[in-house]
2 protein chains.
Amino acid sequence: MQSFTEENYLKIIYHLAESSSNVQTNAIAEQMQTKPASVTDMIKKLAEKGYVDYVKYQGVTLTEKGKNAAIDIVRKHRLWEVFLVDKLNFKWDEVHDVAEELEHIKSETLIERLDEFLGFPKSDPHGDPIPDKNGRFAKTHFTKLIDLKVGDGGTITGVSQHSSAFLKLLEKLGLTLGKQIKINDVTDFDGSVEILVADKQINISREVAKHILISSNGKN
Amino acid sequence: MQSFTEENYLKIIYHLAESSSNVQTNAIAEQMQTKPASVTDMIKKLAEKGYVDYVKYQGVTLTEKGKNAAIDIVRKHRLWEVFLVDKLNFKWDEVHDVAEELEHIKSETLIERLDEFLGFPKSDPHGDPIPDKNGRFAKTHFTKLIDLKVGDGGTITGVSQHSSAFLKLLEKLGLTLGKQIKINDVTDFDGSVEILVADKQINISREVAKHILISSNGKN
DNA sequence: ATTTTTTTTTAGATTTACCTAAAAATAAAA
DNA sequence: TTTTATTTTTAGGTAAATCTAAAAAAAAAT
């Protein structure tokens, strides 16, 4: 199998590949908090081991093997997050760093039993889908709150930002998973959005609205 | 804090120190499955960081700081073992390797919450005491089964060998924690021990008897 | 179609934990 | 008390993952 570092690279490449098919060296470096030169080295190693396809100066794509390995890590990460929140009463903004460590524990039995213990959850505390043991999971197609029109409504079903600062803010604003919202107005000047949640009217910045994912349950 | 490797060294030195106050380089090497030369390197590093007192050619002893760090790892290891057995239905012979990885997860909150979730257990699945968050735990003074005399009885409260092979054997023989036993006879020829457990008479080798710990509840 | 900027790679070093082989210190045996 | 055996350390080297600085390729701008 792979080292912690290799696993982290695979996971990051996997996430970056969701938005652009060819993942760039610099993008990986930024996510890994390391230097592009180091990324080039690691990419070569991952290519040798058959986890990525790599053409010099053209970025990388995951092979089937690499994708499976990445999904496996994502599965572990998300299951551990559920454990921390459901069983150990962590808040959704406290789980990321610990899950980041737990995801590297290498025991298939452990993760299958954990999955069962948690009742085979389908999504993690941030609304992200949890792959099953075969790596399969429903493609979720949420709408970003920022893309809704005035009058549209829906349910908060995910976030695309896992930083503690962001999640704490949502918590404070009452914008947690499952909450119903409705777009009341979009401010011309700064693009901030006026929304109705739990009968209260609040205003959120574009930046915040970008990272809230809605499953729109109908226009009006 | 320390690296995984440093933590493993501290833990091993701590366990070795239970039987001999000055821990030898070779003994550490054997436990760490590495070479004495590597141990010398690491010992120097641990000494520099203040975890051990080290005099060339005289072996090491843990400092207060080193001892606390070691106990902290032992605490984590044993709590995770309880989790695996109590919550995920692992057998007592399946937990060691996984706990060996889990013990290195660095989050104080995690371990305090886990402790609470498990109901603040006092001992792990092998009968070893679990230090509390301040590193305190009852000094257990068990008798080795091998040291009992004919007619003595007691309760199995621990084992001093955690290998899967040994634990599986005990399981098969019905010699699990909490079982009452009584010494019926000691064979002159090979020193094997005839014991009564659950109304059945069985014979165990000296080697097995050495590693079963009894809290003797009275002679006869 | 050049020039400039950005991205990526190479080259050469560093750090951690390990190794082998040989030397030095200590302990055990004759 | 020498000799022998064991234990421990030193010296010098390797592999993994990183770094800086400089070179090379690709993309963007003029």
Side-chain angles (χ1 to χ4, degrees), chain A residues 1-17 19-62 66 69-70 73 100-101 103-104 106, chain B residues 1-17 19-62 66 69-70 73 100-101 103-104 106:
Chain A
M1 242 289 173
Q2 321 87 36
S3 70
F4 280 28
T5 314
E6 285 171 345
E7 290 189 350
N8 284 331
Y9 271 91
L10 289 175
K11 189 184 55 172
I12 276 166
I13 293 168
Y14 175 78
H15 286 311
L16 288 169
S19 30
S20 66
S21 60
N22 257 50
V23 180
Q24 304 197 111
T25 304
N26 271 359
I28 299 172
E30 196 189 326
Q31 292 292 312
M32 283 292 298
Q33 312 219 70
T34 185
K35 296 292 142 71
S38 312
V39 174
T40 304
D41 285 348
M42 178 55 81
I43 278 173
K44 282 182 186 163
K45 192 173 146 194
L46 292 175
E48 253 173 47
K49 293 194 177 185
Y51 291 111
V52 298
D53 290 320
Y54 168 56
V55 183
K56 263 189 202 173
Y57 294 102
Q58 302 305 133
V60 288
T61 51
L62 288 171
I73 300 157
E100 206 74 357
E101 294 190 48
E103 73 189 4
H104 299 294
K106 283 164 190 48
Chain B
M1 245 285 173
Q2 321 88 35
S3 69
F4 279 28
T5 313
E6 287 170 344
E7 291 190 349
N8 284 331
Y9 270 91
L10 289 176
K11 189 182 54 169
I12 277 168
I13 294 169
Y14 176 78
H15 286 312
L16 288 170
S19 30
S20 66
S21 59
N22 256 50
V23 180
Q24 302 197 113
T25 304
N26 271 0
I28 299 171
E30 196 189 327
Q31 292 292 311
M32 283 293 296
Q33 313 220 68
T34 185
K35 296 291 141 73
S38 311
V39 174
T40 303
D41 285 350
M42 179 54 81
I43 278 173
K44 282 182 187 163
K45 193 170 144 196
L46 292 175
E48 252 173 46
K49 291 194 178 183
Y51 290 112
V52 297
D53 289 321
Y54 169 55
V55 183
K56 263 188 202 173
Y57 293 100
Q58 302 306 132
V60 288
T61 51
L62 289 172
I73 299 156
E100 206 75 356
E101 293 190 47
E103 72 189 5
H104 299 295
K106 284 163 190 49

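Chain A is the first sequence line, chain B the second, and so forth, proteins listed ahead of strands; every chain is numbered from 1.
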Under-4.0 Å side-chain N/O to phosphate OP1/OP2 contact, [X] with [N]:
{"X": "Q24(B)", "N": "dT7(D)", "result": "no"}
{"X": "N26(B)", "N": "dT6(D)", "result": "no"}
{"X": "T34(A)", "N": "dC19(D)", "result": "yes"}

Taking the side chain of Q58(A) as its heavy atoms from C-beta onward, which of dA26(D), dC19(C), dC19(D) lies nearest to it?
dA26(D)
Measure from the side chain of K35(B), starting at C-beta and using heavy atoms only, and say which of dC19(C), dT7(D), dC19(D) lies closest.
dC19(C)
Could you state the atom-to-atom distance from [atom1] of [X] to [atom2] of [N] in whole Å?
{"X": "Q33(A)", "N": "dC19(D)", "atom1": "CD", "atom2": "P", "result": "10 Å"}
{"X": "I28(B)", "N": "dC18(C)", "atom1": "CD1", "atom2": "C1'", "result": "16 Å"}
{"X": "Y57(B)", "N": "dA28(C)", "atom1": "OH", "atom2": "P", "result": "16 Å"}
{"X": "K49(B)", "N": "dT15(C)", "atom1": "NZ", "atom2": "P", "result": "14 Å"}
{"X": "M32(A)", "N": "dT18(D)", "atom1": "CE", "atom2": "P", "result": "5 Å"}
{"X": "N22(A)", "N": "dA26(D)", "atom1": "CG", "atom2": "P", "result": "14 Å"}
{"X": "E30(B)", "N": "dT8(D)", "atom1": "CD", "atom2": "C1'", "result": "16 Å"}
{"X": "I43(B)", "N": "dT8(D)", "atom1": "CD1", "atom2": "P", "result": "9 Å"}

Base, sugar-phosphate or nothing for F4(B)? Non-hydrogen atoms, less than 4.0 Å.
nothing
DNA chain D: M42(A) or T25(B), which has the more 5' nearest nucleotide?
T25(B)
Sequence neighbours excluded, which residues qualify as ring pair (Phe, Tyr, Trp, His ring centres under 6.0 Å) partners of F4(B)?
F4(A), H104(B)
Check side-chain hydrogen bond (donor to acceptor under 3.5 Å, both in side chains) between E103(A) and all other residues, then give those that pass, not counting sequence neighbours.
K11(A), H77(A)
Could you check T40(B) against Y54(B) for side chain to side chain contact (heavy atoms under 4.5 Å, CB included), going step by step and ending with a plain yes or no?
CA-CA 10 Å; T40(B) 303; Y54(B) 169 55; 4.0 Å; yes
Output the distance between atom OG (S21(B)) and atom CG (L62(B)), rounded to the nearest 0.5 Å.
11.5 Å
How far does CG of L10(B) sit from CG of L46(B), to the nearest 0.5 angstrom?
5.5 Å
N/O contacts under 3.5 Å, protein versus nucleotides 10-14 of chain C?
from: dT10(C); atom 1: OP1; to: K56(A); atom 2: NZ; distance (Å): 2.7
from: dT10(C); atom 1: OP2; to: K44(A); atom 2: NZ; distance (Å): 2.5

Name the one of V60(A), V39(A), I43(A) that satisfies side-chain contact (heavy atoms from CB on, under 4.5 Å) with Y9(A)?
V39(A)
Whether the side chain of N8(A) engages the backbone of M32(A) through a donor-acceptor N/O pair (distance < 3.5 Å, no angle test) should be reported.
no
